[in-house]
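Beneath this line is the structure, given in structure tokens, with notes to follow.
All chains are named by letter (A, B, ...) in the order of the sequence lines, taking the proteins before the strands, and each is independently numbered beginning at 1. Values below: every heavy atom of this structure, side chains too, minus hydrogens, waters and symmetry copies.
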Number of protein chains: 2
Amino acid sequence: MPETDDTPQPPARLRALASWQANKVSTLGARLFARRMKLSARADFAVLAALEECGPLSQADIGRRLGLDRNDVNGILNRLEEDRRVGRAPDPADRRRNVVTLTGDGRRYLDELQKHTDVVQDELLTALSAAERRQLEALLAKLLGAHRPEPA
Amino acid sequence: MPETDDTPQPPARLRALASWQANKVSTLGARLFARRMKLSARADFAVLAALEECGPLSQADIGRRLGLDRNDVNGILNRLEEDRRVGRAPDPADRRRNVVTLTGDGRRYLDELQKHTDVVQDELLTALSAAERRQLEALLAKLLGAHRPEPA
DNA sequence: GTGCTACGTTGGCCAAACCAACGTTGGTTT
DNA sequence: AAACCAACGTTGGTTTGGCCAACGTAGCAC
């Protein structure tokens, strides 16, 4: 018995479409991640990673660094602050801003998320060799470099 | 004056993450597409392309080909049927199924969507040479080939 | 001081990707 | 033949992401 592969192929028009492919890869990543953690933790990871790498940031700066909307950053920070993973305090130098800082809990949470993310990443890229992974990363980076991260 | 590039870089943890990059590329594609057409037309395009390439299909088959949920396929078909772009009729051979067919209007609509899609594709891939585009397509295809298109 | 801009916040919109459940129908098993 | 299970289309709902609009406050340039 040939163990028939019952996975029908998508139309050629779509298979050749980078935006379609990227979308599939993206939702695949979300699916793999969701098997291990609450899906919304992806956004937490991004924000915490930015804080860890750049030090304290204002909410608007976080948004610019990550290509996220100010409003959405606010929501993520509400979650994180409630769980004591970030601190939020008005900037004495510019009282429009909030200075967001990483707490000890936040750092521990970030480490945990990093582990899961690494595993997911490896699952996602199973089919690719190390060289191919580097190629893919470089190509995507080059593609993204030509565009503004934010809409407006 | 060096014309300071005021685009802050995302953290390295994310820049090296294929799933993050893919997500960014995906939303970028959506943004570019939305500038030309209603965003939901992307899904229409996928369904119409499947019908054009494979001929009449059942709703479940469409979902399998495109890696979409049955429920979502249903919604897309409701839109398309209302605008006379597809026909939906019970399959005489298996009365559980609906046979979905492409109409003349649907074919014309597909051609229009293809044009916009081509333009968007080119905008998205601006930074990449023809060879690089082929490489990217191949790598993404290889990555996707190792995974089931549907969750369950 | 007057305007302009940036900031955080609230609230809402739309689309994608799911999941659960139902009634109908087809095939299989017994 | 009856009982069972699986597939199909449909309805309805949840969560998340990516937006946009508007507000009040605060800084800044003129």
Exercise for the section: Answer with base, sugar-phosphate or nothing: what part of the nucleic acid does Asp94(B) contact at a heavy-atom distance below 4.0 Å? Expected result: sugar-phosphate
**Report entry** Enclosure of Arg84(B) CZ (heavy-atom neighbours >12, cutoff 6.0 Å)
**Finding:** no
Quick note, Arg95(A) side chain, CB onward, closest among dG27(D), dC19(D), dG8(C) is dG27(D)
Name the nucleic acid region contacted by Asn71(B), choosing base, sugar-phosphate or nothing; use a 4.0 angstrom heavy-atom cut-off, strictly under.
base
Categorize Arg88(B) for me: base, sugar-phosphate, or nothing, with a 4.0 angstrom heavy-atom threshold over every strand shown.
sugar-phosphate
Closest of dG9(D), dG18(D), dA17(C) to the Ala60(B) side chain is dG9(D)
With the side chain defined as heavy atoms from C-beta on, Leu39(B) is closest, among dG27(D), dG8(C), dA15(C), to dA15(C)
- Task: Using a 4.0 Å heavy-atom cut-off across all strands, classify Lys38(A) as base, sugar-phosphate, or nothing.
- Result: sugar-phosphate
With the side chain defined as heavy atoms from C-beta on, Pro151(B) is closest, among dG18(D), dG8(C), dC18(C), to dC18(C)
Of dC8(D), dG18(D), dT15(D), the nucleotide closest to the side chain of Arg70(B) is dC8(D)
Arg31(A) CZ to dG17(D) P, in whole Å, measures 16 Å
Original post:
Would one find a side-chain N or O of Arg97(B) under 4.0 angstrom from OP1 or OP2 of dC8(D)?
Top reply: yes
Under 4.0 Å, counting only non-hydrogen atoms across every strand here, what does Asn98(A) touch: a base, just sugar-phosphate, or nothing? sugar-phosphate
Under 4.0 angstrom between Gln59(B) side-chain N/O and dT10(D) OP1 or OP2: yes
Answer for the Watson-Crick or wobble partner of dA21(C), both distances under 3.5 Å, is dT10(D)
Looking only at heavy atoms, the pair that brings Ala50(B) and Leu57(B) closest together is O-CD1, 4.1 Å
query = Touch check for Asp72(B), heavy atoms < 4.0 angstrom, all strands: base, sugar-phosphate only, or nothing?
reply = base
Checking dA26(D), dG17(D), dG9(D) against the side chain of Ser58(B) (C-beta onward), the nearest is dG9(D)
